[in-house]
Colleague: 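Let me give you the structure first, and then I'll get to my questions.
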Amino acid sequence: TTDLKEFFIDGTRLKAGDEIKVITKYKNSIIGILIGAIKKENSILLVTHSNKVLRLKIDNILQLKIISKYGKFFTKIG
């Protein structure tokens, strides 16, 4: 289980529920919904669109981009 629901990675504020795109050191591109972080393992958990839960070490992340923030879908337009 995760112990952090809101945290920073390289100055980017992340929150559980954010949809992110991660590029690893091995040039793998992964898109998924952030579940949270495990501080003692220095890793994050995310669920992909194919319903796989992945644990990624922070050290293996080359680039990270927020696709959509949690709750943005629910904001009222206008």
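Atom set for the values below is all heavy atoms of this structure, side chains included, hydrogens, waters and symmetry mates excluded.
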Colleague: If the condition is side chain to side chain donor-acceptor pair (under 3.5 Å), which residues does Ser43 pass it with, not counting sequence neighbours?
Modeller: none

Colleague: Kindly compute the distance separating CG (Leu4) from CD (Glu6), expressed to the nearest 0.5 Å.
Modeller: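 Leu4 atom CG to Glu6 atom CD measures 10.0 Å (nearest 0.5 Å).
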
Colleague: Tell me whether Leu56 is reachable from Ile35 by hopping between hydrophobic residues (I, L, V, M, F, W, Y) whose side-chain heavy atoms are closer than 4.5 Å.
Modeller: no

Colleague: Could you tell me whether the side chain of Thr2 reaches within less than 4.5 Å of the side chain of Phe7, counting heavy atoms only?
Modeller: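 They are not in contact (no side-chain heavy atoms under 4.5 Å apart), so the answer is no.
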
Colleague: List the residues meeting side chain to side chain donor-acceptor pair (under 3.5 Å) with Lys39, not counting sequence neighbours, and say none if there are none.
Modeller: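 For Lys39 there are no side chain to side chain donor-acceptor pair (under 3.5 Å) partners, ignoring immediate neighbours.
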
Colleague: Does NZ belonging to Lys65 count more than 12 external heavy atoms closer than 6.0 Å?
Modeller: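 No, NZ of Lys65 has 12 or fewer neighbouring heavy atoms, counting only those of other groups under 6.0 Å.
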
Colleague: For residues 20-31, which side-chain donor-acceptor pairs fall under 3.5 Å, sequence neighbours excluded?
Modeller:
residue: Thr24; atom: OG1; partner: Tyr26; partner atom: N; Å: 3.3
residue: Thr24; atom: OG1; partner: Asn28; partner atom: N; Å: 3.1

Colleague: Are Ile61 and Leu14 joined in one hydrophobic group, where the rule is that I, L, V, M, F, W and Y side chains link up if heavy atoms are under 4.5 Å apart?
Modeller: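 Yes; Leu14 is reachable from Ile61 via cluster members.
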
Colleague: With sequence neighbours excluded, tell me which residues meet side chain to side chain donor-acceptor pair (under 3.5 Å) with Glu41.
Modeller: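 With sequence neighbours excluded, Glu41 shows a side chain to side chain donor-acceptor pair (under 3.5 Å) to Arg55, given in chain and number order.
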
Colleague: Could you grab the distance from atom CG of Leu46 to atom NZ of Lys52, nearest 0.5 Å is fine?
Modeller: 12.5 Å

Colleague: For Lys40, which residues count as a side-chain contact (heavy atoms from CB on, under 4.5 Å) partner, sequence neighbours excluded?
Modeller: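 Checked Lys40 against side-chain contact (heavy atoms from CB on, under 4.5 Å); matches are Ile38.
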
Colleague: Of the non-hydrogen atoms in Arg13 and Asp18, which two are nearest, and what is the gap between them?
Modeller: O-OD2, 4.3 Å

Colleague: Can you name the side-chain contact (heavy atoms from CB on, under 4.5 Å) partners of Ile58, sequence neighbours left out?
Modeller: Ile9, Asn42, Ile44

Colleague: Would you mind reporting whether Leu45 and Val53 have side-chain heavy atoms less than 4.5 Å apart?
Modeller: yes

